[in-house]
Visitor: 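Here it is, the structure in full.
Note that the numbering runs from 1 along the sequence shown for the chain.
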Amino acid sequence: METLEQRQSTIQNDRSQQRAKISFPEEIVEEILSRLPVKSILRFKSVCKPWRSLISNPSFTKLHSTRAAVNHRTALFISAHDPSTRKRYFLSAAHDGGSLTHLITLDNTPTRCDITESQHLNGLVLFNYGDGYQNYAFVVNPSTHKVLKLPNPTNYAIGKTDICYFFGFDESRNEHKVLNITTHVAPSVKPVIEIMIFSLSNYSWRKIDVEFPLIVSQFRWCYGLKRSVCVNSVIHLMLVNQKELLAFDLRTEKFSIVKICSDAVPHRIICNRPHLIKVDGLLGVVCHDQMMTNNDVYVWILQDYENGVWVRETITFPKSWSVLGCPFPLDSANMEEIIFSLNKESKNVTGVLMYNMKSGCFKSVQLTLDNHPFLCKEHVQFQQIKWYVESLVPL
């Protein structure tokens with residue numbers, strides 16, 4: 001005679017078998033999963049083999065990235081450095097602030113180092129730093145907490161080179177690429193420049209033979225390269241002068257010069273030159289000569305790339321720029337918001353100033369450090385902050 005417990009067990013097994021027989025078309029499953037956050041999707045990979053196969057498909061990754069960008073599913077990528085322990089931390093935070101999430105820790109980093117501005121493209125972030133003798137580059141996916149340390153280029157030589165890395169996306173091939181420019185320096189010898197490209201599709205470096213435009217002086221080329229912006233498969237590297245930008249097209253693998261409209265050039269520029277910024281996928285030039293005097297900063301945006309049409313956004317600070325902690329525009333997640341540099345407000349709180357171009361108003365977003373005591377130390381320096389779009393792009 002069957003007991004009550006056995007009967008209940010039989011009923012549960014029958015129900016489980018019935019559920020197992022219920023299935024949805026793959027198109028419906030893909031439609032649902034592609035709208036979910038990365039954190040949820042990563043958990044669902046273990047539900048069953050068909051789901052794992054679907055989520056691992058490059059076409060699903062592309063679909064999810066597209067929808068994340070359209071829906072502005074963005075977050076903040078932050079780096080911090082503790083010179084006393086020589087540790088570097090990669091962190092992330094929600095768009096509206098809150099507690100920081102620890103992604104990874106790098107050990108034995110230089111106490112004093114030259115940091116190249118990180119740049120995000122389709123959910124990936126390139127971060128590069130060096131101390132004048134050695135240089136390191138990492139590609140980070142903050143959504144999946146994965147980090148790829150780039151191998152040294154074959155032309156790498158400790159103590160004899162100046163190395164710069166720039167991040168780009170080749171839309172014609174649908175792949176991320178890293179542009180490496182290495183300047184070999186030797187006493188009484190003209191510097192030799194080598195250019196290589198790293199593809200995240202095959203994880204290898206490739207040397208290319210390309211010439212710089214005549215206007216670019218190779219001797220001063222390696223100085224001051226801290227920022228780059230990739231738009232339309234073109235990496236914009238540096239300002240050759242106050243009217244022209246040096247650019248590298250990933251499709252043709254050639255350098256070119258991009259003209260800046262004359263109105264975008266201020267009469268007096270602090271730090272010698274404007275700097276580059278990306279605003280909602282468009283190239284921008286920040287002119288900061290009015291920060292100290294008029295409390296203003298100008299952001300010129302190349303709205304029409306083909307016809308060279310620039311528009312100006314004037315940002316006026318609500319208080320004295322110095323009183324606010326000397327914030328500097330660094331990045332933009334969409335056409336409405338521009339993010340400024342970090343400012344540590346207290347031992348446990350770091351503030352981020354954001355400007356809304358539609359309303360013309362500022363807001364302060366607070367990032368709390370309570371869950372990570374190692375970030376509350378006096379020596380810890382918050383050096384980088386960028387937007388990124390959620391992505392499943394593998395590393």
Visitor: Under a 4.5 Å cut-off applied to non-hydrogen side-chain atoms, are L245 and L283 in contact?
Guide: yes

Visitor: With side chain to side chain contact (heavy atoms under 4.5 Å, CB included) as the criterion, how do I338 and I315 come out once you've worked through the C-alpha distance, each side chain's angles and the decisive distance to 0.1 Å?
Guide: CA-CA 10 Å; I338 292 179; I315 302 175; 4.1 Å; yes

Visitor: In this structure, are over 12 heavy atoms from other groups packed under 6.0 Å from R251 atom CZ?
Guide: yes

Visitor: So, the side chain of K278 versus the backbone of C230: is there a donor-acceptor pair under 3.5 Å, distance only?
Guide: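 It does hold such a pair.
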
Visitor: Do the rings of F167 and H176 sit parallel, tilted or perpendicular, given the 30° and 60° boundaries?
Guide: parallel

Visitor: Measure the CZ-NZ distance between R52 and K45 for me, rounded to the nearest 0.5 Å.
Guide: 5.0 Å

Visitor: Taking the side chain from S46 and the backbone from R43, do they hold a donor-acceptor pair closer than 3.5 Å?
Guide: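 Yes, because the side chain of S46 sits within donor-acceptor range (under 3.5 Å) of the backbone of R43.
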
Visitor: Could you grab the distance from atom OG1 of T144 to atom CG of L103, nearest 0.5 Å is fine?
Guide: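 So the gap between those two atoms works out to 9.0 Å.
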
Visitor: What's the spacing between W205 CH2 and N152 CG if we round to 0.5 Å?
Guide: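 The CG atom of N152 is 9.0 Å from CH2 of W205, to the nearest 0.5 Å.
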
Visitor: Is a salt bridge present between D107 and K87, judged by a nitrogen-to-oxygen distance below 4.0 Å?
Guide: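 Salt bridge present between D107 and K87.
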
Visitor: State plainly whether one hydrophobic cluster holds both V29 and L63, where clusters connect Ile, Leu, Val, Met, Phe, Trp and Tyr through side-chain heavy atoms under 4.5 angstrom apart.
Guide: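 No, because V29 and L63 fall into different hydrophobic clusters, even though each may have its own neighbours under 4.5 Å.
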
Visitor: State, to 0.1 Å, how close F44 and W51 come at their nearest heavy-atom pair, and which atoms those are.
Guide: O-CE3, 3.7 Å

Visitor: Give the cluster check for I301 versus V309: same hydrophobic cluster or not, with ILVMFWY residues linked at side-chain heavy-atom distances below 4.5 Å.
Guide: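 Different clusters: I301 never reaches V309 through Ile, Leu, Val, Met, Phe, Trp or Tyr contacts under 4.5 Å.
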
Visitor: Is V349 linked to Y89 within one hydrophobic cluster, defined over Ile, Leu, Val, Met, Phe, Trp and Tyr using a side-chain heavy-atom separation of less than 4.5 Å?
Guide: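 No, because V349 and Y89 fall into different hydrophobic clusters, even though each may have its own neighbours under 4.5 Å.
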
Visitor: Checking the side chain of S92 only, and the main-chain atoms of F77 only, is there a donor and an acceptor separated by less than 3.5 Å?
Guide: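 Not a single qualifying donor-acceptor pair exists.
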
Visitor: Got F382 and V380 here, is their nearest side-chain heavy-atom distance under 4.5 Å?
Guide: yes

Visitor: Look at the side chain of S65 and the backbone N and O of T61, then say whether any donor-acceptor pair between them is shorter than 3.5 Å.
Guide: yes

Visitor: Are E390 and R67 close enough for a salt bridge, meaning some N to O gap below 4.0 Å?
Guide: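 Answer for the salt bridge query: no.
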
Visitor: Begin from the C-alpha positions of I197 and I208 and carry the test side chain to side chain contact (heavy atoms under 4.5 Å, CB included) through to its verdict.
Guide: CA-CA 7 Å; I197 293 179; I208 63 173; 4.0 Å; yes

Visitor: Determine whether more than 12 heavy atoms belonging to other residues, nucleotides or ligands lie under 6.0 Å from atom NZ of K62.
Guide: no

Visitor: Looking only at non-hydrogen atoms, find the nearest pair between T314 and R312 and report the distance.
Guide: OG1-NE, 3.4 Å

Visitor: Side-chain contact, heavy-atom cut-off 4.5 Å: L36 with L33?
Guide: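 The answer is yes, as the side chains (C-beta and beyond) meet within the 4.5 Å cut-off.
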
Visitor: Please report the closest heavy-atom contact between A93 and L100, naming both atoms and the distance.
Guide: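 Nearest pair, atom of A93 first, then L100: CB-CD2, 3.6 Å.
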
Visitor: As a test of understanding, state which of D96, L342, I339 forms a side chain to side chain contact (heavy atoms under 4.5 Å, CB included) with L76.
Guide: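 Answer after filtering D96, L342, I339: I339.
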
Visitor: So among F166, F248, Y305, which one has a ring pair (Phe, Tyr, Trp, His ring centres under 6.0 Å) with H236?
Guide: Y305

Visitor: Can you get from V178 to L148 by hopping between Ile, Leu, Val, Met, Phe, Trp and Tyr side chains that sit under 4.5 Å apart?
Guide: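 V178 clusters together with L148.
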
Visitor: Please determine whether a side-chain nitrogen of the Lys or Arg among E30 and R35 lies less than 4.0 Å from a carboxylate oxygen of the Asp or Glu.
Guide: no

Visitor: Do the non-hydrogen side-chain atoms of L237 and I181 ever get within less than 4.5 Å of each other?
Guide: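 Answer yes - side chains close enough.
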
Visitor: Would you indicate whether the side-chain heavy atoms of Y136 and N128 approach each other to under 4.5 Å?
Guide: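 No, every pair of side-chain atoms sits at 4.5 Å or beyond.
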
Visitor: Side-chain contact, heavy-atom cut-off 4.5 Å: Y355 with E337?
Guide: no

Visitor: Verify side chain to side chain contact (heavy atoms under 4.5 Å, CB included) between E194 and K207, making sure each step is shown before the conclusion.
Guide: CA-CA 8 Å; E194 290 185 303; K207 184 178 179 179; 2.8 Å; yes

Visitor: List the steps and the verdict of ring pair (Phe, Tyr, Trp, His ring centres under 6.0 Å) for F340 and F362.
Guide: CA-CA 10 Å; F340 284 70; F362 281 92; 5.7 Å; yes

Visitor: Is a side-chain N or O of D170 found less than 3.5 angstrom from the main chain of K177, in a donor-acceptor match?
Guide: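 Here the side-chain-to-backbone pair does not exist.
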
Visitor: Which value, rounded to the nearest 0.5 Å, describes the distance between L282 atom CG and I277 atom CD1?
Guide: 11.5 Å

Visitor: Whether the H95 and T74 side chains hold a donor-acceptor pair (N or O, under 3.5 Å, no angle test) is what I'd like checked.
Guide: yes

Visitor: Determine whether V234 and W310 fall in the same hydrophobic cluster, where Ile, Leu, Val, Met, Phe, Trp and Tyr are linked whenever their side-chain heavy atoms lie under 4.5 Å apart.
Guide: yes

Visitor: Quick one: pull up OG in S79 and CZ in F127 and give me the separation to the nearest 0.5 Å.
Guide: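 Those atoms lie 4.0 Å apart.
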
Visitor: Could you check if a side-chain atom of Y388 sits within less than 4.5 angstrom of a side-chain atom of S143, using non-hydrogen atoms only?
Guide: yes

Visitor: If I take atom NE2 from residue H64 and atom CG from residue L392, how far apart are they, to the nearest 0.5 angstrom?
Guide: 5.0 Å

Visitor: Quick check: does any side chain N or O of H81 sit under 3.5 Å from a backbone N or O of Q381, one acting as donor and the other as acceptor?
Guide: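 No.
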
Visitor: For K39, I'd like to know if atom NZ has over 12 heavy atoms of other residues, nucleotides or ligands within 6.0 Å.
Guide: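 No, NZ of K39 has 12 or fewer neighbouring heavy atoms, counting only those of other groups under 6.0 Å.
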
Visitor: Taking the side chain from S233 and the backbone from E171, do they hold a donor-acceptor pair closer than 3.5 Å?
Guide: yes

Visitor: Go through W300 and V311 one step at a time and tell me if the side chain to side chain contact (heavy atoms under 4.5 Å, CB included) criterion holds.
Guide: CA-CA 6 Å; W300 286 90; V311 295; 6.0 Å; no

Visitor: Testing the basics here: between V125 and P142, what is the closest heavy-atom pair and its distance to 0.1 Å?
Guide: CG2-CG, 4.1 Å

Visitor: Should we count CG of D209 as having more than 12 external heavy atoms under 6.0 Å?
Guide: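 Atom CG in D209 is not crowded, with 12 or fewer foreign heavy atoms closer than 6.0 Å.
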
Visitor: Of all heavy-atom pairs between S391 and G123, which one has the smallest distance, and what is that distance?
Guide: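 Heavy atoms of S391 and G123 come nearest at CB-CA, 3.6 Å.
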
Visitor: Are the side chain of D296 and the backbone of F317 linked by a donor-acceptor contact shorter than 3.5 Å?
Guide: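 Looks like no, no N/O pair under 3.5 Å.
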
Visitor: Specify the closest pair of heavy atoms between P327 and L353, including all atoms of both residues, with the distance to one decimal.
Guide: CG-CD2, 3.9 Å

Visitor: Is a donor from one side chain sitting under 3.5 angstrom from an acceptor on the other, for E175 and S201?
Guide: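 Side chains of E175 and S201: pair found under 3.5 Å.
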
Visitor: I'd like to know if D249 and K254 make a salt bridge, using a cut-off of under 4.0 Å between side-chain N and carboxylate O.
Guide: no

Visitor: Counting only heavy atoms from other residues, nucleotides and ligands, does the tally under 6.0 Å from CD of E31 exceed 12?
Guide: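 Enclosed: over 12 neighbouring heavy atoms sit under 6.0 Å from CD of E31.
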
Visitor: Taking the side chain as every heavy atom from C-beta outward, state whether E26 and L54 have any pair of such atoms under 4.5 Å apart.
Guide: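 Side-chain contact under 4.5 Å: yes.
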
